Amino acid sequence: VNAYALQLVFDDFFLNEDAELYIYNYDTTQVLGAYLSLNNTQNGKFITEEINGDILTIELYESRNLQNSRIHIVHLAHAYKKNITANADFKSLLPQSCEKNVNCPEGDSWNNQKRSVVKLSKPNEFGFTFTSSGAMINNTKNDGKLYLLTAFHILDGEDDANSDGFINNDDYDCILSITEQNLIQQITVRFNYQYNDCPGTTLYSGQTLYGCSLLVADYTTDMALLELIEKPNASYNVYLAGWDNSFNTPTSVICIHHPL
């Protein structure tokens, strides 16, 4: 009730070859889909983008000859806070001299790297979802492994967070408990979450995958390396960012962040 947005999590998601699934909000100002058989995942799990408002409709179309699609909703997440980038007062506080929309001309040199930036959403045991950032990175074998680099503090603390959804400094114990490690499997990874145009008037909600596994984490360097459980669809056009472990200090630094 009174949610700013809703998000569906399916634990059984299978669309046959001619099925089309649509999800739209109350006034049809936002329509997701058509979701097709191309959106099927190996583990049968799927998660949608956020849908504005607190009412949504799901429509599934398939032929009478192939009525074997399956969709089962296991979670319905609701946003109880507005996206702060929609707040004009917040936008006016951004340092315009250094923060630029990556899809403006200033970002032309980073058209590949911006496709490595992902938005992460991770639930805690109280049912709240926390958002953060990460980057898809390459490895020296260039074998296409789906490694995701993020921060240790993103994984730590949330199973001890207050039931009101806020995390205090005391909630970080620099140890990943069994609960916190299990929650990594429920992380939602969102690709291409960015503005469609340079003025930044239209936000593309991106494409999502569900689930990661933990490879290594270190609180002293605030680093965590994850691996995606599922392979992104080719249409996601994911880029694996390069890295340099030499001791050559760069002369400049560029940070690319998804919209808040």
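This is a predicted model, so every value here is computed, not measured.
Checked by atom type, the side-chain pair N52/N25 shows no donor-acceptor distance below 3.5 Å. N65 and S63 form no side-chain donor-acceptor contact under 3.5 Å, judged by distance and modelled atom types alone.
Taking the six-membered ring where the residue is Trp, Y236 and F191 present tilted rings, their angle falling between 30° and 60°. The aromatic rings of F46 and F10 are tilted relative to each other, their planes meeting at an angle between 30° and 60°.
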- Let me see the working for L226 and I184 under side-chain contact (heavy atoms from CB on, under 4.5 Å), right down to the final yes or no. CA-CA 9 Å; L226 312 179; I184 295 172; 4.1 Å; yes
- Does the pair K231 and L228 meet the rule for a side-chain contact (heavy atoms from CB on, under 4.5 Å), with working shown? CA-CA 7 Å; K231 183 178 181 180; L228 301 189; over 6 Å; no
- Task: Begin from the C-alpha positions of K122 and L155 and carry the test side-chain contact (heavy atoms from CB on, under 4.5 Å) through to its verdict.
- Result: CA-CA 8 Å; K122 186 170 80 71; L155 310 179; 4.3 Å; yes
- Determine, step by step, whether L240 and N139 satisfy the side-chain contact (heavy atoms from CB on, under 4.5 Å) criterion, reporting the C-alpha distance in whole Å, the side-chain angles of both residues, the deciding distance to 0.1 Å, and the verdict. CA-CA 9 Å; L240 302 181; N139 65 80; over 6 Å; no
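Taking 4.5 Å as the limit, some side-chain heavy atom of L56 sits within range of a side-chain heavy atom of L8. No side-chain heavy atom of Y26 sits under 4.5 Å from any side-chain heavy atom of I51. In this structure, I137 and L225 have side chains that are in contact, with non-hydrogen atoms separated by less than 4.5 Å. Looking at heavy atoms from C-beta onward, F13 lies in side-chain contact with N40 at the 4.5 angstrom threshold. Contact of the F152 side chain with the M223 side chain is not registered, since no non-hydrogen atoms from C-beta on lie closer than 4.5 Å. Within the 4.5 Å cutoff, the side chain of M136 has heavy atoms near those of the V118 side chain. Contact of the N103 side chain with the N196 side chain is not registered, since no non-hydrogen atoms from C-beta on lie closer than 4.5 Å. Residues Q207 and N233 have side chains not in contact (no heavy-atom distance under 4.5 Å, counting atoms from C-beta outward).
When all heavy atoms of N237 and R115 are compared, the pair lying nearest together is O-NH1, 2.6 Å. The shortest heavy-atom contact between N138 and N142 is ND2-OD1, 2.7 Å. R190 and T48 make their closest contact through NH2-O, 3.7 Å (heavy atoms, listed as atom of the first residue, atom of the second, distance). Shown here for A217 and L214, the closest heavy-atom pair between the two residues is CB-CD1, 4.1 Å. Summarising the geometry of N39 relative to A34, their closest heavy-atom pair is OD1-O, 4.4 Å, with the distance given to 0.1 Å. Heavy atoms only, all atoms of each residue included: L209 and I47 are closest at O-CG2, 4.3 Å.
Of the candidates N182, I178, L176, E180 forms a side chain to side chain contact (heavy atoms under 4.5 Å, CB included) with just one, namely L176.
Of the possible polar contacts, one joining the N101 side chain to the D197 backbone as a donor-acceptor pair under 3.5 Å is found.
Rounding to the nearest 0.5 Å places CD1 of I256 at 11.5 Å from OG of S133. Separating the CD1 atom in I23 from the CD atom in Q7 is a distance of 10.5 Å, to the nearest 0.5 Å. For the atom pair S69 OG and N16 CG, the distance stands at 3.5 Å (nearest 0.5 Å). Here NZ of K114 is found 14.0 Å from CD1 of I254. Values are rounded to the nearest 0.5 Å. For the atom pair C174 SG and H153 NE2, the distance stands at 12.0 Å (nearest 0.5 Å). Rounded to the nearest 0.5 Å, atoms OG (S213) and CG (L148) are 10.0 Å apart.
Hydrophobic cluster membership is shared by V238 and L120, with clusters built from Ile, Leu, Val, Met, Phe, Trp and Tyr side chains linked at under 4.5 angstrom. No chain of hydrophobic side-chain contacts below 4.5 Å, direct or via other Ile, Leu, Val, Met, Phe, Trp or Tyr residues, connects V216 to I154. V31 and I58 are not part of a single hydrophobic cluster, where members link through side-chain heavy atoms under 4.5 Å apart. Note: the hydrophobic cluster containing L60 also contains Y35 (ILVMFWY, side chain heavy atoms under 4.5 Å, direct or indirect links). One hydrophobic cluster holds both W110 and V117 under the rule that ILVMFWY side chains link at heavy-atom gaps under 4.5 Å.
Screening residues 59-75 for salt bridge (Lys or Arg N to Asp or Glu O under 4.0 Å), with sequence neighbours left out, gives D12-R70.
Around the CD atom of E227, the shell of radius 6.0 Å holds more than 12 heavy atoms that belong to other residues, nucleotides or ligands.
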